[in-house]
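Working notes, structure below.
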Amino acid sequence: MRSLLFVPGDSRKKLDKALTSGADVLLIDLEDSVSLEAKEEARQTTATFLKERSKGTDRPRLYVRVNGLTTGLIDADLDGVMPAAPDGIVLPKTMGGPDVSHLGAKLAVREAEFGLEDGITRILAIGTENAAGVFALGTFAGASHRLMAITWGGEDLSADLGAETNRDETGTYTDPYRIARSLTLLGAAAAGVDAVDSVFTNFRDMAGLETECRTARRDGFVAKMAIHPAQVPVINEAFTPSPDAIEQAQAVIDAFKANPGAGVVGVNGEMLDRPHLRRAERLLTRSAMDRGPK
């Protein structure tokens, strides 16, 4: 998983086009990009799309962003799309582990009702869309076996804070959003799940997107969300491990395998310990997933 592309759930044309984008995951949206009056139509369009496109492995993973737990809309969203067996659900405005557990219970009921395998539906939590969510980023560990990743969002957070903007004149996030981003990374690590970077809203600035992708990868994020298909190739390139990185990771794993009792090994002139081994194993796992069936 490298790229996650948002697609409005009320547009069959955009959904079909998104299949050719090269994105690893489509985030089919029933929330912000769909007006209140169009919610029911979007549920029906999304369910039909899922039923037609969810079979087979030569496709992106299909997640649905539902409306939040406090909106009064989430049960209708889940009733509408769960019979079509989405691969996962994106929970917006998540306020920590209890919200993930709450969603997990709702999914378990519907999996049983609609004859789906228990636990098959994964959860991607958006954890920073309000100040309360930022303070709850340390509570995801053990919330649900369904939780596969945590991401963050700076746009809703800026509205919650009453900020004029979330970036400075150079295009860099200002301090409140850098804090939210860093805490998301730490919260995901503490929960043992992937950290996914937020969207880059200027979809015409490919150089800025590339810079932000490489910074995110450097810090530990494994993927990035996109708002436009044109962003997907840049994101995929940035988050695909290079041949040199794969070779280095394999060398680290081989060195520890050859010295099973060692706490530290030497590789290419560097002394590396067990955290380097875990990093190498994660990199090779992600590389294999990117090459394999989606």
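In this text, all values refer to a predicted model and were calculated from it rather than measured experimentally. In what follows, residues are counted from 1 in the order of the sequence shown.
- Proximity of a side-chain donor or acceptor of Glu111 to a complementary backbone N or O of Gly119 within less than 3.5 Å is detected.
- Note that OG1 of Thr121 and CZ of Phe114 are 11.0 Å apart. Values are rounded to the nearest 0.5 Å.
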- Item | Test salt bridge (Lys or Arg N to Asp or Glu O under 4.0 Å) applied to Arg214 and Asp219, step by step | CA-CA 9 Å; Arg214 295 194 182 282; Asp219 291 345; over 6 Å; no

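- Closest heavy-atom contact between Ser21 and Val232: O-CG1, 3.4 Å.
- Atom CD1 in Ile28 sits 10.5 Å away from atom OG1 in Thr45 (nearest 0.5 Å).
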- Residues Arg2, Glu237; criterion side chain to side chain contact (heavy atoms under 4.5 Å, CB included); working and verdict: CA-CA 9 Å; Arg2 302 158 299 176; Glu237 193 280 330; over 6 Å; no

- Item | Step-by-step side chain to side chain contact (heavy atoms under 4.5 Å, CB included) determination, Val81 to Asp77 | CA-CA 6 Å; Val81 303; Asp77 290 343; 5.6 Å; no

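- Judged by distance alone, with hydrogens and angles left aside, the side-chain atoms of Asn67 form no donor-acceptor pair with the main-chain N or O of Thr71 at under 3.5 Å.
- With Tyr173 as the aromatic partner, Arg178 does not meet the cation-pi criteria of under 6.0 angstrom to the ring centre and within 45 degrees of the ring axis.
- Counting heavy atoms from C-beta outward, Met148 and Asp194 have side chains that stay 4.5 Å or more apart.
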- Query: Run the side chain to side chain contact (heavy atoms under 4.5 Å, CB included) check on Thr172 and Arg167 step by step: do they pass?
  - Reply: CA-CA 5 Å; Thr172 303; Arg167 295 179 185 262; over 6 Å; no

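- The side chain to side chain contact (heavy atoms under 4.5 Å, CB included) with Val100 is formed by just one residue from the set Thr139, Ile150, Leu147, Leu124; it is Leu147.
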- Message: The test is side chain to side chain donor-acceptor pair (under 3.5 Å); show your working for Arg181 and Ser198 and say whether it passes.
- Response: CA-CA 8 Å; Arg181 175 183 179 276; Ser198 187; over 6 Å; no

- List the steps and the verdict of salt bridge (Lys or Arg N to Asp or Glu O under 4.0 Å) for Lys93 and Asp99. CA-CA 9 Å; Lys93 299 174 179 63; Asp99 279 4; over 6 Å; no

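- In this structure, the separation between CZ on Arg53 and OG1 on Thr48 is 12.0 Å, given to the nearest 0.5 Å.
- Side-chain atoms of Arg110 and Asp75, non-hydrogen and from C-beta on, do get closer than 4.5 Å to each other.
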- Message: With salt bridge (Lys or Arg N to Asp or Glu O under 4.0 Å) as the criterion, how do Asp87 and Arg61 come out once you've worked through the C-alpha distance, each side chain's angles and the decisive distance to 0.1 Å?
- Response: CA-CA 6 Å; Asp87 296 310; Arg61 279 161 274 183; over 6 Å; no

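- The distance from the CG atom of Asn130 to the CG atom of Asp156 is 8.5 Å, given to the nearest 0.5 Å.
- A donor-acceptor pair shorter than 3.5 Å cannot be found between the side chains of Thr240 and Asn236.
- Note: Cys213 SG to Phe239 CZ = 5.0 Å, rounded to the nearest 0.5 Å.
- Nearest heavy-atom pair across Ala85 and Leu116 is CB-CD2, 3.8 Å.
- Between Val134 and Ala180, the shortest heavy-atom distance links the atoms CG2-CB, 4.3 Å.
- Cluster membership check: Leu157 shares its hydrophobic cluster with Leu183, using side-chain heavy-atom separations under 4.5 Å among Ile, Leu, Val, Met, Phe, Trp and Tyr.
- Around atom CZ of Phe135, no more than 12 heavy atoms belonging to other residues, nucleotides or ligands sit under 6.0 Å away.
- In this structure, the side chains of Lys224 and Leu209 come closer than 4.5 Å at one or more pairs of heavy atoms.
- For the side chain to side chain contact (heavy atoms under 4.5 Å, CB included) with Arg43, the lone residue among Leu73, Leu78, Asp10 that qualifies is Leu73.
- When all heavy atoms of Leu5 and Pro229 are compared, the closest pair comes out as CD1-N, 3.9 Å.
- Using a 4.5 Å cut-off between side-chain heavy atoms of Ile, Leu, Val, Met, Phe, Trp and Tyr, with links allowed through other members, Leu186 and Phe140 fall into the same hydrophobic cluster.
- Side chain of Ser158 to backbone of Thr165: no donor-acceptor contact under 3.5 angstrom is found.
- In this structure, Leu62 and Phe49 have side chains that are in contact, with non-hydrogen atoms separated by less than 4.5 Å.
- Proximity of Thr201 to Glu155: side-chain heavy atoms (C-beta onward) are separated by under 4.5 Å at one or more points.
- In terms of hydrophobic clustering, with Ile, Leu, Val, Met, Phe, Trp and Tyr side chains grouped at heavy-atom distances under 4.5 Å, Leu69 and Met82 are assigned to a common cluster.
- Within 6.0 Å of CD on Glu41 lie no more than 12 heavy atoms contributed by other residues, nucleotides or ligands.
- In this structure the side chain of Thr128 never reaches within 4.5 angstrom of the side chain of Tyr177, judged on heavy atoms.
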- Query: After noting the C-alpha distance and the side-chain angles of Phe200 and Thr211, does the key distance pass the side chain to side chain contact (heavy atoms under 4.5 Å, CB included) rule?
  - Reply: CA-CA 11 Å; Phe200 187 78; Thr211 297; over 6 Å; no

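- Clustering ILVMFWY residues whenever any of their side-chain heavy atoms sit less than 4.5 angstrom apart, transitively, puts Leu107 in a cluster other than the one holding Met95.
- Looking at Val199 and Met225, their side chains come closer than 4.5 Å, going by heavy atoms from C-beta outward.
- For Phe256 against Val265, the heavy-atom pair with the smallest separation is CE1-CG2, 3.5 Å.
- Between Arg217 and Glu212, none of the side-chain N atoms (NZ, or NE/NH1/NH2) sits under 4.0 Å from a carboxylate O, so this pair counts as no salt bridge.
- Atom CG of residue Leu4 and atom CD1 of residue Ile235 lie 8.5 Å apart, to the nearest 0.5 angstrom.
- Hydrophobic clustering of Ile, Leu, Val, Met, Phe, Trp and Tyr side chains at less than 4.5 Å, counting indirect connections, keeps Val34 apart from Val64.
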- Message: salt bridge (Lys or Arg N to Asp or Glu O under 4.0 Å), that's the test. Do Asp79 and Lys106 meet it? Break it down for me.
- Response: CA-CA 10 Å; Asp79 288 340; Lys106 289 178 179 293; over 6 Å; no

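- Side-chain N or O atoms of Asp197 include none that pairs as donor or acceptor with a backbone N or O of Ala216 at under 3.5 Å.
- Nearest heavy atoms, Met271 versus Gly266: SD-CA, 3.9 Å.
- Note on Glu52 versus Arg12: salt bridge recorded, some NZ/NE/NH1/NH2 to OD/OE distance being below 4.0 Å.
- Within the 4.5 Å cutoff, the side chain of Thr94 has no heavy atoms near those of the Ile123 side chain.
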